[in-house]
Structures are given as C-alpha cells and as structure tokens.
Amino acid sequence: MRWSKLFVPTLREAPNDAVAPSHRLLIRGGFIRQLHAGHYSLLPLGWRVHQKVAAIVREEINAIGGQEFLLPTMHPASIWMESGRWDTMGDIMFRFQDRKGAEVALGVTHEEIFATVAAELSSYKQLPQIWYHIQTKFRDEARPKSGLLRVREFAMKDSYSFDVDAAGLDAAFDAHDVAYKRIFARLGIPAFGVEASNGAMGGTDSIEFMTVADAGEDDVIVCRACDYAANVEKATSTLPTIDDGDSVAEIEKFPTPGVLTIAALEEFDGGASAERQLKTLVMVLDEVVTLVVLRGDHQLNLQKLADATAAIDIRPAGPEETQAALGARPGSLGAVAVDHHPVITDIALSGRVNMTTGANEDGYHFRGVSVARDLHTSQWADLREVQPGEACPNCGSPLEVDRCIEIGHIFKLGTKFSEVFDVTVSDADGKPVPVVMGSYGIGIGRNMAASVEANNDDKGMVWPVSIAPYEVVITLMRLDEETLAEGERIYHQLLAEGIDVLLDDRDARAGVKFADAELCGFPYRITLGPRGLKAGEAELGYRATDTNENIALGDVVSRVVDLVKAAKV
RNA sequence: CGGGUUGUGGCGCAGCUUGGUAGCGCACCUGCUUUGGGAGCAGGGGGUCCCGAGUUCAAAUCUCGGCAACCCGACCA
C-alpha cells in the first residue's frame, strides 16, 4: 500500500474525552473513530489489526480442533425464554420488535444458538466437538468506556465444547487454557489466569485471563510469593483467629445512645472492637428482604452474594424497608433471633461467640452474642471482600491487588444448556445422556486495545510484528527520481516476499513522516533518502527499541524478511 | 442508576461573568521559498456556536426544558 492513497487521519492531539492510553493512541493514529458511546468505526489501519488478531485467534482455536461457524446475531425471544435467560439477562440485552410485533434480541452470547444446532448430535461417537464463531455481540452496557476496551458492539470469538462426560470437558477446557495463553503471547499481551466468578452461568471451573493495566476494570487479588490469583469476586484469604474469650456469655442488651456506626461502637465504653462486632446489612434479593451478616470490619462483595444466592436483582434496602423489616434504623440493626427474613451469614463468623451487634431498637445493642446460638442463619456463604495485606490462602504471604483488564474467559457450563435444548447423545450403552458443555470467550477489539495498553511509549503505539497493521514502512525522505525508484524497488521486492509493507510516498516533510510512522507503531522502518543512497545505504529502524542501523541497499530486503519471519514464529 | 465535568469548523481551545451576530493554534486549499525529526511567507475555504422553547430591538452569551459525550461509583455471560 502507498501511504499517499491510504486513509490514515492522524491527529497531533487526542480528543479531550479520550483518557485510556489505547483509546487516545488508536484515535490519534487514525485507527478508530467513535460513532456514539460504545460503538466505534474501524478505519483501514484499525481493521487490519482487528483482522490479524482474529486470524491468530482462529489459528489457535483451529489448532485445538475448533470448527468455525457463523451464527446469527439477531435472535428470537423464544430461544432466550427457553433457557430462562430472557429474564436473567436484564438490561444488558438489546431487545426490540420486528414488523410483526415479535420480540427479538441482539445476541449478547451464543450458548443458546449453538445448543440448538448441537441438538442434532446423536451419538457419543461424534464427540468431542469444539465449535466456534467470530461474531458481533451486542451488550447494552451501563457504561461504555475507554475506547475499544468496553463497548456495546464488538466482535468476539466464542467457542463451545461438547463432550460425553466431565473428563472430556476437562480436556476441552485445558486445551482452551493452553490455546488462550498462546494467543495472548502472540498478541504481545502479558496475561495470567485467575479464579473467577461464574456469574449467573453456574458451572464449576471458571478462569478469567487478565492483563494488568490502569485502564482495567477488574480488581485481582494476587500473591507475589506463590501463584495464587483470583478476581475479588472470588478471592479468599486466611484470617488470624480472633480471641473471643474463654467463656460463652449470655446475651445482654445494653444502651448505646448515639452510637450508629461500627467505629463509634469501638470507641464506646462497653463496646467492642470491630472484629468482635457483627455488621448487619439489609439487602433486597429479588424483592425478598434479606439480612446479610458480616464481621464488623469486613466488606461485602456483591458478586459473591449474587453467586451464593443466584439472585438476579440485588439492592440495599431503603430506609422504610429497613424500618419495616427490623423495627429500627440503620446503626442499631442486628440479626439476633430474626426468623421472618432469610439470614445469610459470612463463613468468617463461623464459631464466633461473645459478639456485639445492634438490638433492632434504636439506641441499644446486644453483647454476648453467639453466632450459632443467637442467629437463625438460613445460609452460610463466603461473602467478604478480601483486602490487600491479608494472608494468601495458599502460602500465607501478604496479598496485593492489581487493576486488570479481562481479556478472556473460559468456563465449564456443564449440562444446563444441553438439558434445556435437548442436546443428548447415546452413550456406549445406548442410553441417552446430556452433552457436557464448556464456553470460551475472547473479545477481538478488546485484545487489540489491550495490546496497545501493553505496548506503547511517548511516541505512540508499538505493535508486535504479529498484529501490526503493516510490518514495515518505507519512508521516502525525498520524492526525487532516484529515491522514488529505489523505494519502489524495495517495496515490490518486499511485497513479493509476502511482507505487509507500506510505502510512505507522501509529499510531506521528514519529521511528519517519522512522527506518523512512530505513532502508528510499525515495527520496522526503512528510511531512504539521497544522503543514504549516495553511500549505497538505507537506514533500518526498530520501533520497539527506538534504535536504527545503516544497511547496504542490497541487503535490506533479505534482512527485513528475516526479521519479520523470525518475529512471527 | 447516583455523583461530577463538558458540548463553539476535522482536532485542541478562547469568547459567555458585563447580550451587539464568532476568533486563535493545528489540519485543509493555492502560490513562492524550503526540505534527514511535526517549515516560512502570502493569499484562501470551511462553523445549524448540541437541540428546543423563552426573554430581548438583538442570544454562542441570560432563563427553562431536553439530548449527547466523558470521568468516578454502582452495574457488567
């Protein structure tokens, strides 16, 4: 391609509302333009990268036996009603009516659709299968942000595995785990897997692939001493034992005028330290008022509560609801003897005695509360959010928290969808068994942006050769006959070698061409000008290291070909 | 959904307080000079000032209503 013909609207300054580095650079480099919130047009350079990312994903999924499909992205409501997700998806799903008034939706994911196709599987002999497509997903995100990192319309590779048993699923899962790590390595993204919540999907194992970035949206708890890493939605830690005293006291109500917070009760004469208090949160889970009890100094993680209860709609109770439920205002609430509402108790409170908590009477608290004896716990669950500095559950070292971008997610679905959509096969004994499914997603555009987050400097993007829009740019310092002729010669030789090469034949100043080439992040730059030509040399520049060297004109092509081939492996 | 910020040529901004019909830098077009790190001079083109209503002789500017975008949080298979 000749730059003079290529549409690359570079900007010297990024729009003010772009903040994330990848967002700013992709716009400045003329790779993307926003249409509206969460919807981006991919311009020629952006589209080339996008296609290269997709090609790598395709290669790696094909390598583990994946078969590529293309399923529709507009779905009838009925199929989502069958799986029960018409309701559970909530506002994330774009829904509308066709001209006949039939309810339709744009796909947020494709478990249902692949399952309907898989219903034609009939024998265990046909298994295992790995099916995938690279298709546009639509998600009406509450807050699209950071350019390509969080959008409402995006291409995603989602694959689904079909196996006759759990062992087969394990194999498919592990194969994806390996494939994903290869993909991220090829995309130039430092990635690691973390234990993750399955969300509303259910299932067992769930691994999210993360890369550390300020622009990320997920907090990941990591241990530097061992390999423990988990999303805060899932992370646990080892807590030191709290000394509750030797004897078990009787429950006792005592006046606490004006004491409305955990902190105030710590200071109060006759109060208790936070770790010896019970914190009672009044939550509304799918319109059921529920008490959630945690240790006084612990924080609730909402996703853990959602996972534990399978509730779809979770919100804190309002003041009136709280008053109606417990007869007291926040600050004096407790779960002691409450049995007219579900009580979900954090497992960290197991076995605790002589605790202090609100008495459900304004201005009074209880002391001497035994969790097992005095609370009518309807469900125990791990609800508390791990804090940095707490001990790693594996090795005891202090945990840290990293801000991360989620760049891929693999998890085991089990038989939920196969049962709903009757995806059954006959096993070796001729008996019908539901197929065991797995689901594996990776966003193309998000990974493109994540690669920029990981590979940039003050001059612009630094693409890995594997996904660079062009592998080499030939920068012509002058458009005189000689330079042009030599540029054309090298350009055509590189093209013949299958190299993605861009010839910068624009009538522009050297500084402009250099700055644009660096901004766009082409890995190699061949600089040709009268000065070098006179000496029979070209300059070969390396974007990643910001270095260059002079090379004899006759050697440039073979040198670049070698470099590109070596880098692509 | 709560909190905050912002909407003025393609991008970055000024003008708004104190109404008088829009300006600067970059980018773009023409010419000349220049030419190995975002050139200089001269000339030129381009704007429903987010939308609507109101006040006024007159609104980018004041009032009211709406819309949109961004940031933080909530939310997010």
Side-chain angles (χ1 to χ4, degrees), chain A residues 7 9-20 23-24 27-28 30 33-39 80 83-85 88-93 107-112 137-147 149-152 156 158 160 196-203 206 208 215 217-219 231 233 300-303 306-307 312-316 406 408-411 413 416-417 438-443 459-460 475-480 483 506-519 525 527-535 537-539 541 546 548 550:
Chain A
F7 182 64
T10 57
L11 299 173
R12 196 177 290 202
E13 295 178 273
N16 210 12
D17 53 14
V19 175
H23 188 191
R24 296 177 66 82
I27 288 180
R28 278 192 57 211
R33 285 293 184 267
Q34 183 180 45
L35 178 62
H36 60 145
H39 300 263
W80 288 87
S83 67
R85 296 164 99 189
T88 59
M89 277 297 168
D91 293 334
I92 201 78
M93 189 174 230
V108 295
T109 177
H110 282 78
E111 279 83 2
E112 279 84 351
K137 311 292 179 192
F138 291 89
R139 296 182 188 180
D140 193 357
E141 298 286 351
R143 184 148 99 86
K145 56 176 285 201
S146 305
L149 285 175
R150 183 161 215 81
V151 291
R152 303 201 301 173
M156 172 168 152
D158 45 323
Y160 303 89
S197 157
N198 286 13
M201 299 298 307
S206 174
E208 284 171 346
E217 304 178 273
D218 284 273
D219 285 325
N231 196 307
E233 299 173 349
L300 171 67
N301 182 286
L302 273 177
Q303 188 62 45
D307 290 348
I312 297 161
D313 182 44
I314 297 181
R315 62 177 174 84
E406 181 192 338
H409 192 177
I410 61 177
F411 59 100
L413 282 176
K416 174 186 160 89
F417 291 95
S439 172
Y440 318 89
I442 182 168
K459 291 178 176 173
T475 304
L476 303 181
M477 302 314 302
R478 300 287 288 270
L479 298 184
D480 62 88
T483 310
R506 293 176 297 168
D507 181 15
R509 302 179 69 80
V512 171
K513 293 188 174 194
F514 289 151
D516 276 348
E518 284 153 356
L519 173 60
R525 183 178 77 206
T527 307
L528 294 176
R531 205 167 73 188
L533 289 187
K534 200 165 291 176
E537 288 180 334
E539 180 189 287
D546 197 20
N548 54 60
N550 292 326

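Model, not experiment: these values are computed from the prediction. First the proteins, then the strands, lettered A, B, ... as listed; each starts at 1.
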[X] near the nucleic acid: base, sugar-phosphate alone, or nothing, with a heavy-atom cut-off under 4.0 Å?
X	result
A:M93	nothing
A:S146	sugar-phosphate
A:V19	sugar-phosphate
A:G532	base
A:A37	sugar-phosphate
A:A14	sugar-phosphate
A:N16	sugar-phosphate
A:E518	base
A:T475	nothing

key: Contact nearer the 5' end of RNA chain B, comparing A:H23 with A:A306   = A:H23
message = Can you work out whether A:I314 or A:D17 has the more 5'-proximal nearest nucleotide on RNA chain B?
response =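 Per heavy-atom nearest nucleotide, the more 5' residue is A:D17.
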For the [atom1] atoms, the ones on [N] and on [M], what distance do you get once it is rounded to whole angstrom?
N	M	atom1	value
B:rU63	B:rU55	P	15 Å
B:rG15	B:rC32	P	40 Å
B:rG73	B:rG66	C1'	25 Å
B:rC49	B:rC24	C1'	15 Å
B:rA27	B:rG47	C1'	15 Å
B:rU48	B:rU56	P	28 Å
B:rA60	B:rA69	P	25 Å
B:rC51	B:rG37	C1'	45 Å

Calculate the interatomic distance between [X] atom [atom1] and [N] atom [atom2]; express it in whole Å.
X	N	atom1	atom2	value
A:R509	B:rU35	CZ	P	8 Å
A:R28	B:rG38	CZ	P	15 Å
A:E217	B:rA74	CD	P	11 Å
A:H36	B:rA68	NE2	C1'	11 Å
A:M477	B:rG38	CE	P	10 Å

ask   = Please walk me through it: do A:F417 and A:R85 pass side-chain contact (heavy atoms from CB on, under 4.5 Å)?
value = CA-CA 11 Å; A:F417 291 95; A:R85 296 164 99 189; 3.3 Å; yes
Measure from the side chain of [X], starting at C-beta and using heavy atoms only, and say which of [options] lies closest.
X	options	value
A:A510	B:rG38, B:rG36, B:rA74	B:rG36
A:K145	B:rC72, B:rU35, B:rG37	B:rC72
A:R478	B:rG38, B:rA69, B:rU35	B:rU35
A:E539	B:rC71, B:rG36, B:rC11	B:rG36
A:R143	B:rC11, B:rA74, B:rC70	B:rA74

message = When you measure from the side chain of A:K513 to the backbone of A:L476, do you find a donor-acceptor pair of N or O atoms at a distance under 3.5 Å?
response =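 Yes; judged by distance alone, with no hydrogens or angles, the pair exists.
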message = I'd like to know if the side chain of A:R28 and the backbone of A:L11 have a donor-acceptor N/O pair within less than 3.5 Å.
response = yes
Assigned partner base of [N], Watson-Crick or wobble definition, under 3.5 Å:
N	answer
B:rC64	B:rG52
B:rG43	B:rC29
B:rG9	none

ask   = Do A:K145 and A:H23 pass the side chain to side chain donor-acceptor pair (under 3.5 Å) test, and can you show the C-alpha distance, the side-chain angles, and the key distance before you say yes or no?
value = CA-CA 9 Å; A:K145 56 176 285 201; A:H23 188 191; over 6 Å; no
request  = Could you give me the CA-CA distance, side-chain angles and deciding distance for A:D516 and A:R506, then say whether side-chain contact (heavy atoms from CB on, under 4.5 Å) is met?
outcome  = CA-CA 11 Å; A:D516 276 348; A:R506 293 176 297 168; 2.9 Å; yes
ask   = For the base of B:rG37, is there a side-chain donor-acceptor partner from A:R525 under 3.5 Å away?
value = yes
task = Look at the aromatic rings of A:H39 and A:H36 and report parallel, tilted or perpendicular, splitting at 30° and 60°.
result =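 Rings of A:H39 and A:H36: parallel, as their planes differ by under 30°.
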task = State, yes or no, whether a side-chain contact exists between A:T109 and A:M89 at a heavy-atom distance under 4.5 Å.
result = yes
ask   = Can you give one letter per nucleotide of nucleotides 26-33 of chain B, going 5' to 3': B for a protein heavy atom under 4.0 Å from the base, S for sugar-phosphate only, - for none?
value = SS------
query = When rounded to the nearest 0.5 angstrom, what is the spacing between NE2 in A:H409 and OG in A:S439?
reply =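 Interatomic distance, A:H409 NE2 to A:S439 OG, rounded to 0.5 Å: 8.5 Å.
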message = We want to know whether A:S83 and A:E111 form a side-chain donor-acceptor pair, criterion being a heavy-atom distance below 3.5 angstrom.
response =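 There is no such pair between these side chains.
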Output one line per pair: protein atom, nucleotide atom from nucleotides 45-48 of chain B, and distance, for all N/O pairs under 3.5 Å.
none

query = So A:D140 and A:D91, side-chain contact (heavy atoms from CB on, under 4.5 Å) or not? Walk me through it.
reply = CA-CA 7 Å; A:D140 193 357; A:D91 293 334; 5.8 Å; no
